Amino acid sequence: MKVSVLLSAAGSGERIGRGPKAFLQVGGKTLLDWALEGFSWADELVVALPPGFQKEGLKTVLGGQTRQQSVYNLLQAATGEVVLVHDVARPFVVRAAVERLMEAVRAVGAATLAVPVPDTLVREEDQQYGEVISREHYRLVQTPQAFRRAILWQAHQQARAQGIEFTDDAQLVQWLGHPVALVEGDRRMFKVTYPEDLALAEGLAQVWSS
Ligand code: C5P
């Protein structure tokens, strides 16, 4: 079964404020290079990059205004029967977690990595401590997410036609009415989002072996 990895790497990295995240350096390599190495086993790799940031020697597409639009552009270029959508903001790709995900997508057709919520989860109500939500029923959703390409393509086309935007692809497929398996992720696949995450990533890069 041919597998295409689709890297959404076209974000502007606003919250960190040092240009597109794909080109931030951690442990002497860009986040993009970390992700590319993590998926070097894939049959096909396609990367969505911001305008003006194309990279030689790679199959690339232009990113869209939103993450969903970037993934739509990636899907148009993908040829695999299974697609793995991954955010470049998660540079550390844990092989065992990806293997679990691949097993699930073969069985279910759609699957995502997710991790438990380690902290107490509370609703903020006017800056006060509001309702506590029982964390055991909640998961933090990670990428990669894996789909049979035909299912994800149908979901994207339908959402586009109706002008609906989601923050991840699992939501799109669920909205289409297709089940999405939740697969145990790995906390090392955290999303580099805030400036302080760079120090965490730098530390992990020093001891990294997937
Ligand atoms: O901004 P955020 O961290 O939620 O973005 C998640 C991922 O989506 C990042 O890897 C980012 O590069 C990507 N993205 C994209 N195209 C956009 C916006 C975000 O590929 N227009």
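Counting convention: from 1, in listed order, for ligands and their atoms alike. Just so it is clear, the model here is predicted, and its values are computed rather than measured.
- Of all atoms in ligand 1, listed by their number and element, those nearer than 4.0 Å to a heavy atom of V88 are 10 (O).
- Contact annotation: T193 has no heavy atom less than 4.0 Å from any atom of ligand 1.
- Put simply, the residue from L113, D169, L7, V83 that forms a side-chain contact (heavy atoms from CB on, under 4.5 Å) with P144 is L113.
- With ring centers used as reference points, W153 lies under 6.0 Å from Y72.
- A salt bridge is absent between R90 and D186: the closest approach of a Lys/Arg side-chain nitrogen to an acidic carboxylate oxygen does not fall below 4.0 angstrom.
- In summary, the side chains of K2 and T79 do present a donor paired with an acceptor at a separation below 3.5 Å, with no hydrogens or angles considered.
- Only the backbone of T66 comes within 4.0 Å of ligand 1, judged by heavy-atom distances.
- The number of heavy atoms from other shown groups lying within 6.0 Å of CD (Q69) is above 12.
- A110 approaches V105 most closely through the heavy-atom pair N-CG2, 4.0 Å.
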Side chain to side chain contact (heavy atoms under 4.5 Å, CB included) for L198 and V192? Distances and angles first, verdict last. CA-CA 7 Å; L198 282 172; V192 176; 4.0 Å; yes
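- Taking 4.0 Å as the cut-off, G63 does not count as a neighbour of ligand 1 on heavy-atom distance.
- Distances from ligand 1 to the non-hydrogen atoms of K191 include at least one value under 4.0 Å.
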Please report the C-alpha distance between W208 and V94 in whole Å, then the side-chain angles of each, then the deciding distance to 0.1 Å, and finally whether the side chain to side chain contact (heavy atoms under 4.5 Å, CB included) criterion is met. CA-CA 10 Å; W208 183 250; V94 177; 3.7 Å; yes
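- Neither the backbone nor the side chain of E14 has any atom closer than 4.0 Å to an atom of ligand 1 (non-hydrogen atoms only).
- Protein heavy atom in closest approach to atom 12 (O) of ligand 1: G11 N, 2.9 Å.
- For atom 9 (C) of ligand 1, the closest non-hydrogen atom of the protein is S8 O, 3.9 Å.
- The shortest heavy-atom distance from A48 to ligand 1 is not under 4.0 Å.
- Among protein heavy atoms, the minimum distance from atom 1 (O) of ligand 1 is reached at R15 NH2, 3.4 Å.
- Contacts of K21 with ligand 1, taken as heavy-atom pairs under 4.0 Å, involve the side chain alone.
- Every atom of ligand 1 is numbered from 1 in the order shown, and the set under 4.0 Å from a heavy atom of Q65 is 21 (N).
- Given atom 6 (C) of ligand 1, the protein heavy atom at minimum distance is D87 OD2, 3.7 Å.
- Judged purely by atom type and a 3.5 angstrom limit, E184 has no side-chain atom pairing as donor or acceptor with the backbone of R100.
- Side-chain heavy atoms closer than 4.5 Å link hydrophobic residues (I, L, V, M, F, W, Y) into clusters, and following such links, possibly through other members, connects L200 to M189.
- Counting only heavy atoms, the protein gets under 4.0 Å from atom 21 (N) of ligand 1.
- In Q69, neither the side chain nor the backbone holds a heavy atom less than 4.0 Å from any atom of ligand 1.
- Closest heavy-atom approach to atom 15 (C) of ligand 1 within the set S70, A89, P91: this belongs to S70.
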